Enquirer: 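Take a look at the following structure, please.
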Amino acid sequence: MREPLDPDMFTGCPPAAGPFRVGDKWTAKIIRCLEQGPRRFTELQAPLRTITPKVLTESLRAMERDGLLTRTAYDEIPPRVVYELTDLGRSLLEPMNAGCEWSRRHLAELMDARDAWHASTP
């Protein structure tokens, strides 16, 4: 018989709303957009064409707050703002690459499992 789970097994762990922003809808895509270097807001909008400016702004602010990117505003006319990954943001590229590789290898299996589950669930 297996031992019961320790009720304190998560004591000392960060809260559920911890630093894992990459699981949201846009953060990983923004990181990919910034992977090759700094970009302006309008440059980010092109490949993220379904994101609203409001949501992109909120996502960028949250990523800046979490230390994943920097926002540099230049005192020019018109104003120029550039976003760039920090070392912390760049450190997410390797695990993201691993996740992409896992998906390439196993996505068909995962989708088959979902289909089978939906087919057997009333």
Side-chain angles (χ1 to χ4, degrees):
M1 181 172 199
R2 291 182 294 177
E3 290 189 31
L5 292 172
D6 179 357
D8 295 321
M9 67 189 289
F10 298 113
T11 300
C13 290
F20 300 105
R21 292 202 43 80
V22 180
D24 74 4
K25 185 173 181 176
W26 298 108
T27 300
K29 291 178 181 180
I30 293 169
I31 289 172
R32 283 289 181 217
C33 290
L34 295 173
E35 182 176 8
Q36 298 304 314
R39 299 285 179 178
R40 295 179 72 169
F41 189 90
T42 53
E43 290 179 284
L44 295 172
Q45 285 180 302
L48 304 173
R49 59 186 160 273
T50 59
I51 192 172
T52 65
K54 177 182 183 253
V55 172
L56 179 54
T57 297
E58 290 170 352
S59 297
L60 290 167
R61 284 183 182 156
M63 291 173 70
E64 181 182 14
R65 177 202 66 210
D66 291 347
L68 301 179
L69 59 79
T70 58
R71 177 185 185 274
T72 305
Y74 295 91
D75 190 21
E76 300 174 355
I77 298 176
R80 180 170 58 107
V81 176
V82 174
Y83 299 91
E84 185 172 12
L85 289 177
T86 61
D87 288 342
L88 182 62
R90 288 198 165 283
S91 73
L92 289 167
L93 291 168
E94 187 175 340
M96 286 172 50
N97 290 340
C100 288
E101 180 59 30
W102 184 92
S103 291
R104 275 191 281 284
R105 289 183 185 174
H106 301 289
L107 187 58
E109 293 171 69
L110 183 129
M111 297 310 290
D112 289 346
R114 282 185 186 175
D115 290 344
W117 184 85
H118 285 295
S120 67
T121 304

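Residue numbers start at 1 and run along the sequence shown. These numbers come from the heavy atoms of this one structure, side chains and all, not from hydrogens, waters or symmetry mates. As the structure is a prediction and not an experimental result, all values here were calculated from the model.
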Enquirer: Do other residues, nucleotides or ligands put more than 12 heavy atoms under 6.0 Å from Asp87 CG?
Expert: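 Atom CG in Asp87 is not packed in, count stays at 12 or less.
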Enquirer: May I ask you to test the Arg114-Leu110 pair for a side-chain heavy-atom distance under 4.5 Å?
Expert: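 In short, these two side chains touch, coming nearer than 4.5 Å.
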Enquirer: Val82 versus Arg71: any side-chain heavy-atom pair under 4.5 Å?
Expert: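 No, side chains not in contact.
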Enquirer: Show the nearest heavy-atom pair for residues Arg32 and Cys100, with the distance to one decimal.
Expert: NH2-SG, 4.0 Å
Enquirer: Are any of the side-chain heavy atoms of Glu84 and Thr72 separated by less than 4.5 Å?
Expert: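 SC-SC contact between Glu84 and Thr72 ruled out.
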Enquirer: State, yes or no, whether a side-chain contact exists between Leu44 and Leu60 at a heavy-atom distance under 4.5 Å.
Expert: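 They are in contact (side-chain heavy atoms under 4.5 Å apart), so the answer is yes.
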Enquirer: Identify the heavy atoms of Met96 and Ala28 that sit nearest to each other, and give their distance.
Expert: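 That would be CE-O, 3.4 Å.
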Enquirer: Would you indicate whether Glu101, at its atom CD, is surrounded by more than 12 heavy atoms from other residues, nucleotides or ligands within a distance under 6.0 Å?
Expert: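 Buried by this count: over 12 neighbours within 6.0 Å.
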Enquirer: Please answer: with hydrophobic residues joined when any side-chain heavy atoms are less than 4.5 Å apart, are Leu69 and Val55 in the same cluster?
Expert: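 Yes, Leu69 connects to Val55 through the hydrophobic network.
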Enquirer: Just verifying a value: how many Å separate Leu88 CG and Arg90 CZ, rounded to the nearest 0.5 Å?
Expert: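 It is 12.0 Å, given to the nearest 0.5 Å.
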Enquirer: Could you check whether any side-chain heavy atom of Ile30 comes within less than 4.5 Å of a side-chain heavy atom of Tyr83, counting everything from C-beta outward?
Expert: no
Enquirer: In the structure I gave you, are the side-chain heavy atoms of Met63 and Ile31 within less than 4.5 Å of one another anywhere?
Expert: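 Yes, at least one pair of side-chain atoms sits under 4.5 Å.
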Enquirer: Atom CD in Glu94, atom CG in Asn97: separation rounded to 0.5 Å?
Expert: 7.5 Å
Enquirer: With the threshold set at 4.0 Å, does a side-chain nitrogen-carboxylate oxygen contact exist between Glu58 and Arg61?
Expert: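 No, this pair does not count.
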Enquirer: State whether the side chain of Glu109 and the backbone N or O of His106 hold a donor-acceptor pair below 3.5 Å, judged by distance alone.
Expert: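 It does not hold such a pair.
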Enquirer: Which pair of heavy atoms, one from Leu68 and one from Thr27, lies closest together, and at what distance?
Expert: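 It is CD1-CG2, 4.3 Å.
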Enquirer: Any idea which heavy atoms bring Pro53 and Phe41 closest together, and the distance?
Expert: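 Of all heavy-atom pairs spanning Pro53 and Phe41, the closest is O-CZ, 3.7 Å.
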